[in-house]
Amino acid sequence: MQSYGMVIDGRAVNTKDQDPVINPAFGEPFATCARASTDHVNEAVVAAKKAFATWRKDEALRRAKLGECAAILQAKAAEIAPILSQEQGKPLNHAMMEIFGASMWFGYYAGLQVEPEVLQDDGDKRVEVVRKPIGVVAAITPWNFPVILLSWKLAPAFLAGNTVVAKPSPFTPLSSLMVAEALREVLPAGVLNVLSGGNELGAELTRHPDVRKISFTGSVATGKKVMSCAAEDLKRVTLELGGNDPAIVLDDVDPDQVAEGLFWGAFQNSGQVCSAIKRIYVPEKLHDKLVANLADRAKRTKVGPGMEPDVELGPINNRMQFEKVLAMVEDAKSKGGKIVAGGARLGDKGYFLPPTIVTDVGRGVKLVDDEQFGTALPIVKYKDLDDAIAQANGTHYGLGASVWTKSVARGTEIARELDAGTTWVNNHLDLSPMQPFGGHKWSGIGVENGSWGYKEFTQLQVVSTKKS
Ligand code: NAD
């Protein structure tokens, strides 16, 4: 079984202690990776702190290196993608797209210009607001999009002049270790360190006194722990947490036209997208037709191991998550929910739940109230649009939301009423490097991407110069 090592201070580092990495399509380990010790955490933070002293000074070099990171990820995509597909479960072509996406993010930040803001410039004085890097950043990522979510942190953090110690999820460490190995060829030693290990490694990193900023993507429960740990030492935090995105279908749509968009808004990456559609609100008169459409699309979906050709959806990434989603489907059934597609495990190996559509559910059912993060989608019937909007807004989450309608003006108006960091009309999941992305309420604090995401990796400084 191949073993994958870490990168600390520009060196490849492996350990005697290894952790297995499971391929969720088979439920069996297919590779192992290093397990970082406390000494490795210290070495990585010391290296990052040392590298920060010079890295922060040369913006032109940083931009050049970001461009080189973009190029090397393009060049290595075909090598990294099969490992990403096997550790995460996603189809190989989606894994390729994820790595190309990460490359695009580096390219975007290589060229992003954020000018100092001049507040006053007259005969008396010049007052401007400039952005300074923070120092050593801990970048902690989840298992659904290990490579692109890492790039959302690394690229703006580097542009701002920070150095990073990254820690991928123990379910999907290998692609991040491969990215670290690839970027080692272009980045100065210590600028990027990547450590693998369990959840306790994340906690250890967030406690380290020389880590000054934590950029965390993961669940609400862990995000709260990260924030309380950061509070003790007043570390800066950005938290990108879970979502329970509603899609509200208005009464003027043609179900034949919106079903495909709704289906992929919900099931992309086997539903394991923080801002996927996690519940659909549909008016009574369109309910049966839309459900029939969605069920038909679900039944036609090719589900299987991500490395097999033509597969559209892979397994759920890990046993714990698989069992959680199955339990939510059972909870819905026990409360009157009807399964119109899927609903049961596929095969006896791996963690496959084919796309599952559940009707006759509403508030009080876990699949509606909580984040499922998997291949099960509740459809909630509504009579009154205001009530549907109230239900859509009636959770602790606020990551994304969408409205589906023939009237763009009406859709935009309703989109503005929804409590979410991103609201879409006739679309869900459309993201870009220049668009800030973050959650309201429990879905997060701060944002990633665009100039806003860059600013999260800086602290502002006022430079006030008396001219006379
Ligand atoms: P998780 O919270 O279990 O783990 C995320 C990361 O935190 C992992 O690397 C984990 O090892 C680490 N970790 C665990 N305990 C820690 C601690 N005490 N201190 C520091 N780090 C710790 O989340 P997950 O199951 O890997 O990911 C799924 C969740 O992530 C879902 O809720 C999903 O919605 C969310 N997510 C959010 C976004 C977003 O941008 N808002 C994007 C993707 C995923």
Side-chain angles (χ1 to χ4, degrees), residues 1-8 10-15 18-26 28-34 36 64-110 139 141-155 158 164 166-189 191-196 269 272 304-311 314-315 317 433:
M1 226 179 266
Q2 192 169 342
S3 161
Y4 292 76
M6 311 182 285
V7 169
I8 302 175
R11 287 174 294 113
V13 176
N14 212 332
T15 59
Q18 294 278 302
D19 285 320
V21 179
I22 289 172
N23 179 337
F26 304 102
E28 303 277 350
F30 75 105
T32 65
C33 69
K65 291 296 174 190
L66 285 169
E68 289 176 38
C69 290
I72 207 155
L73 286 181
Q74 286 271 344
K76 301 265 181 178
E79 207 179 298
I80 302 171
I83 300 303
L84 172 57
S85 170
Q86 289 172 81
E87 68 175 351
Q88 204 288 324
K90 68 185 66 198
L92 181 60
N93 57 336
H94 295 195
M96 282 294 279
M97 293 307 293
E98 181 174 338
I99 297 159
F100 288 146
S103 164
M104 187 172 132
W105 250 258
F106 278 102
Y108 166 78
Y109 277 106
T141 45
W143 46 258
N144 57 340
F145 288 96
V147 175
I148 197 158
L149 293 178
L150 182 62
S151 75
W152 287 18
K153 303 185 185 310
L154 297 186
F158 290 162
V164 176
K167 190 211 83 70
S169 163
F171 294 113
T172 53
L174 306 180
S175 49
S176 300
L177 296 173
M178 290 179 88
V179 167
E181 187 55 35
L183 300 191
R184 189 162 81 92
E185 288 180 25
V186 301
L187 292 170
V191 167
L192 172 63
N193 307 272
V194 180
L195 305 176
S196 48
N269 207 43
Q272 302 160 124
M307 292 297 284
E308 282 184 9
D310 304 324
V311 161
N317 172 258

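What you see is a predicted model, and the numbers here were worked out from it, not measured in a lab.
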Are the side chain of Thr32 and the backbone N or O of Pro20 linked by a donor-acceptor pair below 3.5 Å?
no
Phe171 versus Val21, closest heavy-atom pair with distance
O-CG1, 3.9 Å
Distance-only, no hydrogens or angles: does the Thr141 side chain make a donor-acceptor pair with backbone N or O of Pro146 under 3.5 Å?
no
Considering only heavy atoms from C-beta outward, does the side chain of Asn317 approach that of Asn144 to under 4.5 Å?
no
Main-chain N/O of Ala166 paired with Asn193 side-chain donor or acceptor, under 3.5 Å:
no
Nearest heavy-atom pair of Pro142 and Thr172: which atoms, and what distance?
O-OG1, 3.9 Å
Check ring-ring contact (aromatic ring centres under 6.0 Å, His included) between Trp105 and all other residues, then give those that pass, not counting sequence neighbours.
Trp152
Among residues two or more places apart or on two chains, list those pairs meeting salt bridge (charged side-chain N to carboxylate O under 4.0 Å, His left out) that have a residue in residues 71-89.
Lys76-Glu185
Hey, could you give me the CD1/OG distance between Ile99 and Ser175, rounded to the nearest 0.5 Å?
7.0 Å
For the side chain of Asn269 and the backbone of Phe145, is there at least one donor-acceptor N/O pair under 3.5 Å apart?
no
Residue list, side-chain hydrogen bond (donor to acceptor under 3.5 Å, both in side chains) with Thr15, at least two apart or on another chain:
none
Over all heavy atoms of both residues, which pair between Ser85 and Ala95 is shortest? Give the atoms and the distance, please.
N-CB, 4.1 Å
Kindly indicate, with the supporting measurements, whether the criterion side chain to side chain contact (heavy atoms under 4.5 Å, CB included) is fulfilled by Leu183 and Val194.
CA-CA 11 Å; Leu183 300 191; Val194 180; over 6 Å; no
Exercise: identify the closest heavy-atom pair between Leu192 and Ala180:
CD2-CA, 4.3 Å
For Phe106, the ring-ring contact (aromatic ring centres under 6.0 Å, His included) test, sequence neighbours excluded, returns none
Applied to residues 142-155, the salt bridge (charged side-chain N to carboxylate O under 4.0 Å, His left out) test, sequence neighbours excluded, yields Lys153-Glu448
Looking at Glu98 and Val147, would you say the former's side chain and the latter's main chain have a donor-acceptor pair under 3.5 Å?
yes
Gap between atom CE of Met97 and atom CE of Met104 - 0.5 Å precision
9.0 Å
Quick one: does any side-chain atom of Gln88 pair with a main-chain N or O of Trp143 as donor and acceptor, under 3.5 Å?
yes
On a heavy-atom basis, which atom in Ser103 and which in Gln74 lie closest, and how many Å separate them?
OG-CG, 3.3 Å
Rounded to the nearest 0.5 Å, what separates atom OG in Ser151 from atom CG in Leu66?
11.0 Å
Between atom CD of Glu181 and atom CE of Met6, what is the distance when rounded to the nearest 0.5 Å?
12.5 Å
Holding to side-chain hydrogen bond (donor to acceptor under 3.5 Å, both in side chains), I want the full list of residues that pass it with Asn14, two or more places apart in sequence or in another chain.
Ser3, Gln18
In Å, rounded to the nearest 0.5 Å, how long is the span from CD of Glu28 to CE of Met1?
8.5 Å
Just checking Met96: does its CE atom have more than 12 heavy atoms from other residues, nucleotides or ligands closer to it than 6.0 angstrom?
yes
Donor-acceptor contact below 3.5 Å, side chain Gln86 vs main chain Asn23:
no
Spatial distance of atom CD1 (Ile83) from atom OH (Tyr4) [nearest 0.5 Å]
3.5 Å
Between Ser196 and Pro173, the two heavy atoms sitting closest are CB-CB, 4.2 Å
